Amino acid sequence: MSRLSPYRGLGGRLQHDQATGWSGLPRSWSASLGRDDRDSVDCGVALVNVRTRIPRLSPSANRSPGPVVTIGLVGLAVLVFLSAQVNVALALVMIAGILLGGVVIVLGRIEYLLNLLMITALIEGLQVGPVTTGRVAAFGSLVAVLGMMALTDWRPVRTPFQLWIPSVLLLSWAVLSGLWSASTDAWLLGLAKMAVGVCVLVVTALTLRGPAVFTSMMRSYVVAASLICVPATLQVLQGKRAVGLGGGPNALATALVIAFLALAYLVRLRGFRRSRALLFCCGPLLIFGVVATGSRAGLLGLLFAGLLVAYDVAPKQNRGRVVFASALVMVVSLTGALSVSGLAAGRFDPAGAFEDRGAGRLVRWSVAIRQVEDAPLHGMGLLNFGTRAADLLAKEPGVSGYAITDESKPVHNQYLDFLVNLGIVGLALYLWTVGRAMMAVWLCPDDWSGPANTLIMQMFAVLSFLLFFGSAINNKHLWLLIGTSIAMHALPDRRP
């Protein structure tokens, strides 16, 4: 009898038959899998360590790369030149991204892109002038994917077209909003931000091949998030709100809450039994990191994430008791962390939260809602609320000086942000995009069912909650999850 070893991490089933050999792999990989490798392929969705030798992708022997490279380089040069005429910062980002993409193509390591995109969500604060890590990583990853398609045998994941429709319509509506935007500069800035998110979505949907790759990505992200907590702790000791290497305290808090969910996912996998002690050490670091940011929304998001994890792991007959006990433990742990950090009498003082009206959010929300009445259907135009926010807030009675600073320009509510800037149509398209992605996760194929599927749904739920208190149309976690929901429904490879 022949023995079959299935592996679902490459967008389809990989099998080894003692009589016929390997099937389900591209030809360029099949040749490198010998008889000794057949026992190296594990089975199941919790696969994290695959010892199979996967060669680096090399230029295809069936095509001449010369004309392709020439045309590509000329096209990129023209794109950079035109971008420089509009915005020098955009041209610099493109140049840096092209260099990054070139490095990935030369190394032939397309699988590193997803880890890179996840980690850059933690280091948004690293930048040289207008060139930020997030923008370079997003554009460079897209360049790498296109380059690998043109110069090698690598092909992207095939996915159903209908899963792309909501995102395409949302981006199209954002582009059309320039027709009625009062500020073209704000509209262009909004498109640039949304383009970063779209790049993350496209790269994820085209390169994510199975839950094994997703697990590897989560492992790298948890380790990086735990390391980021070290500079965050030092910043608290200096009497500052922790931002780590991120773009701001709220962004860092969101990233750490997502890392907390990923940590709970990794601890439950069989492949991480030997490293569970190390993973458990990351838990307190992530919790203290969220507290150190001084983010009230981050603290609530962490509590919500803890309850979701407790509900998932608890046995059905004792689920209520376990969730209640977990909530009690979380509250005690967070109270202790607040006391150690010295933030209990500052940012997290309930009286202070009411006094500053939620850091000015309540005032901004009320002003934004009144602006919706002027253009309820199509809105003011992408990011155009920010151009008038300071003037509108200055007319509000009793508004503190904090509420009319540059930090107050965003609405600080993702849903209200889409409503005021892109109208009812824009908000409906955004909700359709996220809802369709969650539905795709819920109806995922069998190889994705299990812990990975649960984690993605938990991340969607927590992000949806956190974005009620913040505006981030280029949030990498959100766009990466949407791209993951598309990649989960990969179609079989039709290549011979």
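Remember, it's a predicted structure, so these values are computed and weren't measured experimentally. This chain uses plain numbering: 1 for the first residue, then up along the sequence.
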Would the distance check show the side chain of [X] and the main-chain N or O of [Y] forming a donor-acceptor pair, the cut-off being under 3.5 Å?
X	Y	answer
Y221	S216	no
S181	T184	no
N384	L382	yes
S177	A174	yes

>> Assess the residue pair I287 and L302 against the criterion (side chain to side chain contact (heavy atoms under 4.5 Å, CB included)); give the C-alpha distance rounded to whole Å, side-chain angles, the decisive distance to 0.1 Å, and a yes or no.
In response: CA-CA 8 Å; I287 292 175; L302 184 60; 4.0 Å; yes
Looking at side-chain heavy atoms only, is the closest gap between [X] and [Y] below 4.5 Å?
X	Y	result
M380	V372	no
P166	R436	yes
F385	L419	no
F260	V222	no
L252	V290	no
M218	M118	yes
Y415	V420	no
L256	C229	yes

> Of V425, I424, L431, L429, which meets side-chain contact (heavy atoms from CB on, under 4.5 Å) against L427?
Replying inline: L431
Please tabulate, for side-chain N and O atoms in residues 453-473, each donor-acceptor pair with protein atoms closer than 3.5 Å (sequence neighbours left out).
from : atom 1 : to   : atom 2 : distance (Å)
N453 : ND2    : V441 : O      : 2.5
T454 : OG1    : G450 : O      : 3.2
S464 : OG     : F460 : O      : 2.7
S471 : OG     : H412 : N      : 2.9
S471 : OG     : N413 : N      : 3.0
S471 : OG     : D417 : OD2    : 3.2

Rounded at 0.5 Å granularity, tell me how far [atom1] in [X] sits from [atom2] in [Y].
X	Y	atom1	atom2	answer
L285	I228	CG	CD1	12.0 Å
L422	L377	CG	CG	11.5 Å
Q371	L416	CD	CG	11.0 Å

>> Quick test of your reading: applying ring-ring contact (aromatic ring centres under 6.0 Å, His included), list the pairs with at least one residue in residues 180-202, sequence neighbours left out, ordered by first then second residue.
In response: W173-W180, W180-H378
> Stepwise, does the side chain to side chain contact (heavy atoms under 4.5 Å, CB included) test hold for F139 with V143?
Replying inline: CA-CA 6 Å; F139 185 73; V143 170; 3.7 Å; yes
> Please walk me through it: do I482 and S167 pass side chain to side chain contact (heavy atoms under 4.5 Å, CB included)?
Replying inline: CA-CA 9 Å; I482 296 174; S167 301; 4.0 Å; yes
> Are S295 and N250 linked by a side-chain donor-acceptor pair shorter than 3.5 Å?
Replying inline: yes
> What's the verdict on side chain to side chain contact (heavy atoms under 4.5 Å, CB included) for L206 and V157, showing C-alpha distance, side-chain angles and the deciding distance?
Replying inline: CA-CA 5 Å; L206 297 183; V157 178; 5.6 Å; no
